[in-house]
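FYI, side chains are in, hydrogens and waters are out, and symmetry mates aren't considered; it's all heavy atoms of this structure.
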Amino acid sequence: YSMDAIPMVRDFFDCRLMLPLSAYVGFVASLSFVLQLPARHRRSGLIAMALLAVSFLPASNILFPVGTVVGERLMYVPSAGYCLAVVVVLHA
């Protein structure tokens with residue numbers, strides 16, 4: 001990708017906002033599910049969700065523009081948090 005290869009979202013009613021919106025709603029739903037787990041699984045679930053969110057936040061262009069497209073090199077550590085969360089849910 002090069003500069004301006006993917007046009008920026010400039011309007012709130014752009015249909016490309018549905019995917020990030022559904023991802024944020026899914027994250028909040030997953031967080032509420034983790035908070036309802038038994039106490040012995042809740043801590044590991046919260047660690048998994050924190051690993052996913054905290055490592056994704058700097059690369060997400062939400063706080064400040066990163067200047068790069070979110071690719072596999074930026075999603076390696078958040079995917080480890082996702083895999084850990086899946087294991088916690090399957091183990092609970």
Side-chain angles (χ1 to χ4, degrees):
Y1 296 106
S2 63
M3 183 68 168
D4 292 332
I6 300 173
M8 291 182 61
V9 175
R10 299 191 189 277
D11 188 15
F12 184 72
F13 299 106
D14 193 349
C15 65
R16 293 178 291 169
L17 285 177
M18 291 300 136
L19 185 61
L21 179 65
S22 63
Y24 292 135
V25 168
F27 181 77
V28 170
S30 300
L31 189 60
S32 67
F33 177 75
V34 165
L35 289 174
Q36 294 175 0
L37 287 175
R40 63 186 185 135
H41 297 297
R42 187 177 307 138
R43 181 176 180 189
S44 57
L46 287 174
I47 289 172
M49 297 302 286
L51 180 64
L52 193 149
V54 170
S55 60
F56 176 71
L57 198 59
S60 65
N61 286 330
I62 294 175
L63 301 176
F64 49 86
V66 176
T68 184
V69 178
V70 175
E72 66 275 355
R73 67 184 185 278
L74 300 176
M75 296 304 294
Y76 182 71
V77 176
S79 68
Y82 175 77
C83 292
L84 182 62
V86 167
V87 168
V88 167
V89 168
L90 291 177
H91 188 63

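- Across all their heavy atoms, P7 and R16 have their closest contact at O-NH1, 2.8 Å.
- Hydrophobic clustering (ILVMFWY, side-chain heavy atoms < 4.5 Å, transitive): L35 and L90 are in one cluster.
- The two residues L31 and L46 make their nearest non-hydrogen contact at CD1-CD2, 3.9 Å.
- Cluster membership for L63 and V54, using ILVMFWY side-chain heavy atoms within less than 4.5 angstrom, is not shared.
- Summarising the geometry, atom CG belonging to L19 is positioned 10.0 Å from atom OH belonging to Y24; distances are rounded to the nearest 0.5 Å.
- Scanning all heavy atoms of the two residues, the minimum distance from A48 to A85 falls at CB-N, 3.5 Å.
- Shown here for V34 and G45, the closest heavy-atom pair between the two residues is CG1-C, 3.5 Å.
- Residues S44 and V88 share a closest heavy-atom pair of OG-CG2, 3.6 Å.
- Closest non-hydrogen pair, F27 versus A53, comes out as CZ-CB, 3.7 Å.
- By the rule that hydrophobic residues join a cluster once side-chain heavy atoms approach within less than 4.5 Å of another member, V28 and I47 end up as members of separate clusters.
- Residues that satisfy the salt bridge (charged side-chain N to carboxylate O under 4.0 Å, His left out) test with R42, not counting sequence neighbours, are absent from this structure.
- Of the inter-residue distances, the one linking L52 atom CG with C83 atom SG reads 9.5 Å to the nearest 0.5 angstrom.
- Here the straight-line distance linking atom CG of D14 with atom CZ of F12 works out to 11.0 Å at 0.5 Å rounding.
- Within a 6.0 Å sphere centred on CZ of R43, heavy atoms belonging to other residues, nucleotides or ligands number 12 at most.
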